[in-house]
Amino acid sequence: MGLLGMPNAGKSTLITAISNARPRIADYPFTTLHPNLGVVRVGPEQSFVVADLPGLIEGASEGAGLGHLFLRHLQRTRLLLHVVDVVPFDDAVDPVAQAKAIVGELKKYDEGLYKKPRWLVLNKLDMVPLEERPALVKDFVKRFKHKGPVFEISALNREGCEPLVKAVYQHIKAQQVAEQAPVEIDPRFATDTPST
Ligand SMILES: Nc1nc2c(ncn2[C@@H]2O[C@H](COP(=O)(O)OP(=O)(O)O)[C@@H](O)[C@H]2O)c(=O)[nH]1
Ligand SMILES: [Mg+2]
């Protein structure tokens, strides 16, 4: 599973909350040139790898060309989580516009990645009073025109992280099983089939 999102969205905090990785929080995005990989343990013999990919979007949009360093990791992911800070510090910043920009970069960057399943993870919900959350989430999803699954979390206090991790595991497992399903061979084309 790979994490996408603007700097400060909470990707490093999330990977710390759910996996054994210990990246630097609130780190300047370009200081990490290597993806942070972590193992998420879901249950006995149930785990998956999470990759925080600093620089993919940020680097690509700056023309820094760092993105390709992470492509290899990203291409191996079966699922992308798009992490969004719903309460940006700067009031002038519209988180929906930022999220759209990320998706635009992704599409420009690599059509294959753009087509991967991408779930929306609305982060920092702890900053939003309970009674305001439903409206905020509804408005975001509507304006972002998001069709897939949506998760509401606080990476900081781990609220909502467990259901997210379980859903991710199930998705990845299901895809893995589907990929390993035996390919049916048409007997007419099997080499050991008698020709009569
Ligand atoms: N209140 C709150 N702050 C958060 C949450 N997640 C991350 N932060 C803060 O947001 C800042 C950026 O987090 P970081 O994980 O480094 O973001 P990244 O740039 O996407 O990796 C840090 O100061 C975090 O403590 C959250 O769920 N709630
Ligand atoms: Mg980070």
Side-chain angles (χ1 to χ4, degrees), residues 1-40 49-62 64 66-74 77 79-106 109 113 118-137 139-141 144 146 149-168:
M1 180 261 273
L3 298 177
L4 285 178
M6 288 299 230
N8 217 46
K11 301 179 295 298
S12 298
T13 306
L14 179 59
I15 204 172
T16 300
I18 64 175
S19 82
N20 63 348
R22 291 294 172 265
R24 289 169 58 163
I25 309 284
D27 205 2
Y28 184 66
F30 281 109
T31 54
T32 316
L33 287 183
H34 299 282
N36 293 303
L37 299 177
V39 176
V40 182
V49 174
V50 55
D52 176 11
L53 302 142
L56 170 78
I57 296 300
E58 301 133 23
S61 60
E62 303 287 317
L66 292 174
H68 72 278
L69 291 174
F70 308 117
L71 258 185
R72 191 164 52 90
H73 288 280
L74 255 190
T77 61
L79 175 66
L80 299 174
L81 294 188
H82 184 167
V83 183
V84 173
D85 174 356
V86 293
V87 281
F89 190 69
D90 183 348
D91 279 343
V93 170
D94 175 11
V96 176
Q98 285 204 323
K100 283 182 180 172
I102 291 276
V103 175
E105 290 286 335
L106 188 65
Y109 199 74
L113 289 178
R118 187 169 3 98
W119 295 357
L120 181 61
V121 175
L122 301 176
N123 188 31
K124 308 199 188 180
L125 264 294
D126 58 289
M127 302 281 282
V128 183
L130 263 180
E131 65 275 14
E132 291 174 22
R133 291 187 195 180
L136 183 147
V137 171
D139 173 72
F140 192 101
V141 171
F144 187 47
H146 183 75
V150 181
F151 291 84
E152 299 165 39
I153 69 160
S154 164
L156 196 63
N157 63 27
R158 303 184 180 199
E159 208 184 311
C161 288
E162 204 180 312
L164 171 63
V165 157
K166 291 209 160 119
V168 169

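No experiment lies behind these values; they were computed from the predicted model shown. Atoms within each ligand, like the ligands themselves, are counted from 1 in listed order.
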Subject >> Close side-chain approach of F144 to V103, heavy-atom, < 4.5 Å >> reply: yes
Original post:
So which of K11, R158, K124 gets nearest to atom 9 (C) of ligand 1, if we judge by its closest heavy atom?
Top reply: K124
Original post:
Below 2.8 Å, any N, O or S contact between T13 and the Mg ion (ligand 2)?
Top reply: no
**OP:** Mark the output for G5 as yes if a heavy-atom distance to ligand 1 is under 4.0 Å, and as no if none is.
**Re:** no
Original post:
Is a side-chain N or O of N123 found less than 3.5 angstrom from the main chain of A9, in a donor-acceptor match?
Top reply: yes
Original post:
Near G10, which atoms of ligand 1 are under 4.0 Å from a heavy atom of that residue?
Top reply: 7 (C), 13 (O), 14 (P), 15 (O), 17 (O), 18 (P), 20 (O)
Subject >> Which atom of R22 lies closest to which atom of T16, heavy atoms considered >> reply: NH1-O, 3.2 Å
Original post:
Of all residues at least two apart in sequence or in a different chain, which pass the side-chain contact (heavy atoms from CB on, under 4.5 Å) check with D94?
Top reply: V96, A97, R143
**OP:** Would you mind telling me if ligand 1 is within reach of the side chain of I25, the backbone, both or neither, using heavy atoms under 4.0 Å?
**Re:** both
Original post:
Does P7 approach ligand 1 within less than 4.0 angstrom via side chain, backbone, both or neither, non-hydrogen atoms only?
Top reply: backbone
Do any side-chain atoms of residues 159-168 form donor-acceptor pairs under 3.5 angstrom with protein atoms, and if so which ones, sequence neighbours left out?
from, atom 1, to, atom 2, distance (Å)
E159, OE2, R133, NH1, 2.8
E162, OE2, K166, NZ, 2.9

Original post:
Counting from 1, what ligand 1 atoms have a heavy atom of D126 closer than 4.0 Å?
Top reply: 1 (N), 2 (C), 26 (C), 27 (O), 28 (N)
Subject >> ligand 1 versus L156: contacting region, heavy-atom distance under 4.0 Å >> reply: both
**OP:** Determine yes or no for a side-chain-to-main-chain donor-acceptor pair under 3.5 angstrom, with D52 supplying the side chain and L3 the backbone.
**Re:** no
Original post:
Does ligand 1 have an atom that lies less than 4.0 angstrom from a heavy atom of M6?
Top reply: yes
